[in-house]
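Presented below is the structure to which this report refers.
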Amino acid sequence: MPWTNNSGGGGPWGGGGRPGGPWGGGGGPGLPQPPNVDELLRKGQDFVRRFLPRGFGGGKGLAIVGAILVGLWLLSGFYRVQPDEQGVVLRFGAFNRTTPPGLNYALPVPIESVTTPRVTRINRIDVGFRSQGEGLRPIPTRDVPEESLMLTGDENIIDIDFAVFWRIRDAGEFLFNIRNPEQTVKSAAESVMREVIGRTPIQPALTEARAQIEQAVREGTQVMLDQYRAGIEVAQVQLQKVDPPAAVIDAFRDVQRANADRERLRNEAEAFRNDIIPRARGEAERFVQEAQGDREARIARARGEAERFTQILVAYSQARDVTRQRLYLETMEEILKASPTILVDDKVQNLVPFLPLNDLNRARQQQTTGIDRPQPLPTAPGMLPGPAARVTGSIR
């Protein structure tokens with residue numbers, strides 16, 4: 001059915017005597033009028049010509065202006081990345097590439113945009129406590145038990161506060177692969193710490209295993225973040241506090257003191273054993289060596305006496321008189337060697353009986369001091385001083 005009306009119009013939008021279609025002037029009251037594009041272009045050209053020199057308003061001049069504007073737009077793509085930063089280039093809002101420090105180029109806006117996060121800054125995350133201040137030793141202000149209380153390998157509860165130090169390794173992965181970097185690092189470090197403490201008894205965790213725990217947590221957290229492709233490098237994990245829970249810390253310290261006393265007594269006993277046993281073994285070995293030496297000496301002495309007796313017997317059988325005389329002289333020599341020597345002059349008529357005062361004094365001194373000190377003999381007429389006195393001279 002054709003569009004007609006009583007006014008003899010020309011379609012559904014027009015009418016007789018009202019040309020222009022649905023937006024024409026004869027479309028009726030209240031209808032919006034469309035913008036005139038040609039009029040807008042003409043006004044824009046007039047506005048530009050006001051700022052251009054005379055004779056520059058042709059098509060060639062506009063082309064030159066356009067080329068200059070395009071050149072300036074292309075030059076706006078140069079940007080500088082500082083030494084502590086890394087450039088991240090986005091193409092139409094999507095990650096495209098990363099750029100190193102220095103002067104770089106990216107397509108100008110709106111094609112590409114650049115952000116430069118700082119990648120050398122060391123960031124810190126506290127787990128188990130909250131602190132104030134910066135650096136490696138901030139001031140703890142509040143403990144968080146739901147983060148710090150952990151179960152050890154021997155089914156004890158331990159209270160651990162630690163800090164994680166990290167930095168950005170790849171800015172592109174850091175910005176677009178994880179939504180909340182700090183919470184990701186915190187959750188990963190806490191998870192790995194609970195795993196490591198769950199394999200460690202409480203006593204090593206409190207004393208000598210702190211360095212091993214820090215190293216294991218750092219490596220485990222780094223592996224987890226690499227699996228997430230988070231672009232984060234864990235620089236250090238530092239234990240701040242490793243204690244039993246506050247409710248049982250006094251009892252735990254009593255147990256620790258008892259264990260320390262037990263260990264001390266055990267060490268003292270070990271030291272005493274290590275001292276007395278080698279000494280007893282040395283004494284026993286000395287007695288054995290002395291006994292063996294005495295045995296060898298007695299055997300050698302007996303063999304020597306037997307050999308000497310055999311030689312004397314052979315000599316006696318060959319020359320009885322000479323051997324008998326020699327044996328007599330040797331025996332008298334041995335006897336007289338221990339006897340005192342007294343020299344008496346033949347001209348002395350009246351002899352005073354000799355009293356061995358020297359021997360008496362020596363015996364008395366040995367009783368008092370226990371030391372045998374030789375004393376000189378008293379000098380008397382007809383007597384020579386000496387260590388011993390032997391009777392010599394003629395006796396009538």
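Treat the numbers as computed from the prediction; the structure is a model and nothing was measured.
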Problem set entry | Heavy-atom pair with the smallest gap, counting every atom of Arg130 and Gly128 | NH1-N, 4.3 Å
Problem set entry | Trace of the side chain to side chain contact (heavy atoms under 4.5 Å, CB included) decision for Thr184 with Tyr228 | CA-CA 10 Å; Thr184 302; Tyr228 295 159; 4.0 Å; yes
Exercise. Taking all non-hydrogen atoms of both residues, which atom of Gly220 and which atom of Val192 are closest, and how far apart?
Worked result: C-CG2, 3.8 Å
Problem set entry | CD1 on Ile160 to CD1 on Ile197, rounded to 0.5 Å | 3.5 Å
For this session: Applying salt bridge (charged side-chain N to carboxylate O under 4.0 Å, His left out), name anything that partners Glu283, two or more places apart in sequence or on another chain.
Result: Arg286
Seminar exercise, completed: side-chain hydrogen bond (donor to acceptor under 3.5 Å, both in side chains) pairs touching residues 149-160, sequence neighbours excluded, are Ser148-Asp159, Thr152-Asp154, Asp154-Asn156, Asp159-Lys241
Exercise. In terms of side-chain heavy atoms, does Asp321 have a donor or acceptor partner in Gln325 at a distance below 3.5 Å?
Worked result: no
For this session: Looking only at non-hydrogen atoms, find the nearest pair between Val242 and Leu206 and report the distance.
Result: O-CD2, 3.3 Å
Exercise. Do Tyr328 and Ile335 belong together in a cluster built from hydrophobic side chains that touch within less than 4.5 Å?
Worked result: yes
Exercise. Is the side chain of Thr221 donor-acceptor paired with the backbone N or O of Val217 at a distance under 3.5 Å, no angle test?
Worked result: yes
Exercise. Which distance, rounded to the nearest 0.5 Å, do you find between the CZ of Arg167 and the CZ of Phe174?
Worked result: 12.0 Å
Problem set entry | Joint hydrophobic cluster, Val144 plus Val185, side-chain heavy atoms closer than 4.5 Å | no
For this session: Begin from the C-alpha positions of Ile157 and Leu151 and carry the test side chain to side chain contact (heavy atoms under 4.5 Å, CB included) through to its verdict.
Result: CA-CA 5 Å; Ile157 298 178; Leu151 191 65; 4.3 Å; yes
Exercise. CG of Leu239 to CZ of Arg210: how many Å apart, nearest 0.5 Å?
Worked result: 5.5 Å
Seminar exercise, completed: Closest heavy-atom pair, Gln238 versus Gln240, reported as atoms and distance to 0.1 Å, is OE1-NE2, 2.8 Å
Problem set entry | Check: Ala271 main-chain N/O paired with Asp275 side-chain donor or acceptor under 3.5 Å | no
For this session: Give a yes or no on whether the backbone of Glu290 and the side-chain of Asp294 come within a donor-acceptor separation of less than 3.5 Å.
Result: no
Exercise. Any idea which heavy atoms bring Ala205 and Ile158 closest together, and the distance?
Worked result: CB-CD1, 4.0 Å
Exercise. Going by heavy atoms in the side chains, are Phe129 and Arg142 under 4.5 Å from each other?
Worked result: no
Exercise. Is Arg194 reaching over with its side chain to a backbone N or O of Leu149, donor-acceptor style, under 3.5 angstrom?
Worked result: yes
Exercise. Got a second to check how far Ile125's CD1 is from Glu182's CD, nearest 0.5 Å?
Worked result: 5.0 Å
For this session: Give a yes or no on whether the backbone of Val234 and the side-chain of Gln222 come within a donor-acceptor separation of less than 3.5 Å.
Result: yes
For this session: Determine, stepwise, if the pair Asp261 / Arg257 fulfils salt bridge (charged side-chain N to carboxylate O under 4.0 Å, His left out).
Result: CA-CA 6 Å; Asp261 293 339; Arg257 284 192 290 267; over 6 Å; no
For this session: May I ask whether Phe309 and Ile312 are part of the same hydrophobic cluster, defined by side-chain heavy atoms of I, L, V, M, F, W, Y residues being less than 4.5 angstrom apart, directly or through others?
Result: no
For this session: Give a yes or no on whether a salt bridge exists between Glu330 and Arg326, defined as a side-chain N under 4.0 angstrom from a carboxylate O.
Result: yes
For this session: Could you tell me whether the side chain of Ile168 reaches within less than 4.5 Å of the side chain of Ile232, counting heavy atoms only?
Result: no
Exercise. Quick one: CD1 on Ile178 to CZ on Phe176, what's the gap to the nearest 0.5 Å?
Worked result: 12.0 Å
For this session: Apply side chain to side chain contact (heavy atoms under 4.5 Å, CB included) to Arg169 and Asp226, showing your working.
Result: CA-CA 11 Å; Arg169 183 175 58 189; Asp226 291 342; 2.7 Å; yes
For this session: Determine whether the side chains of Glu296 and Gln292 contain a donor N or O and an acceptor N or O closer than 3.5 Å.
Result: no
Exercise. For Arg124 and Trp166, which heavy atoms make the closest approach, and how far apart are they?
Worked result: N-NE1, 4.4 Å
Exercise. Heavy-atom count around Arg264 CZ within 6.0 Å, excluding the residue itself: above 12?
Worked result: yes
Exercise. Strictly by modelled atom types, are Ser187 and Gln183 linked by a side-chain donor-acceptor pair under 3.5 Å?
Worked result: yes
For this session: Evaluate the criterion side chain to side chain contact (heavy atoms under 4.5 Å, CB included) for residue pair Lys186 and Val127; output intermediate values, then yes/no.
Result: CA-CA 7 Å; Lys186 180 178 179 180; Val127 180; 4.0 Å; yes
Exercise. Below 4.5 Å, heavy atoms only, C-beta onward: do Glu270 and Arg273 meet side chain to side chain?
Worked result: yes
Exercise. What is the distance from atom CD1 of Ile213 to atom OG1 of Thr200, rounded to the nearest 0.5 Å?
Worked result: 5.0 Å
Exercise. When clusters are formed from ILVMFWY side-chain contacts under 4.5 Å, directly or step by step, what else is grouped with Ile276?
Worked result: Phe272, Ile277
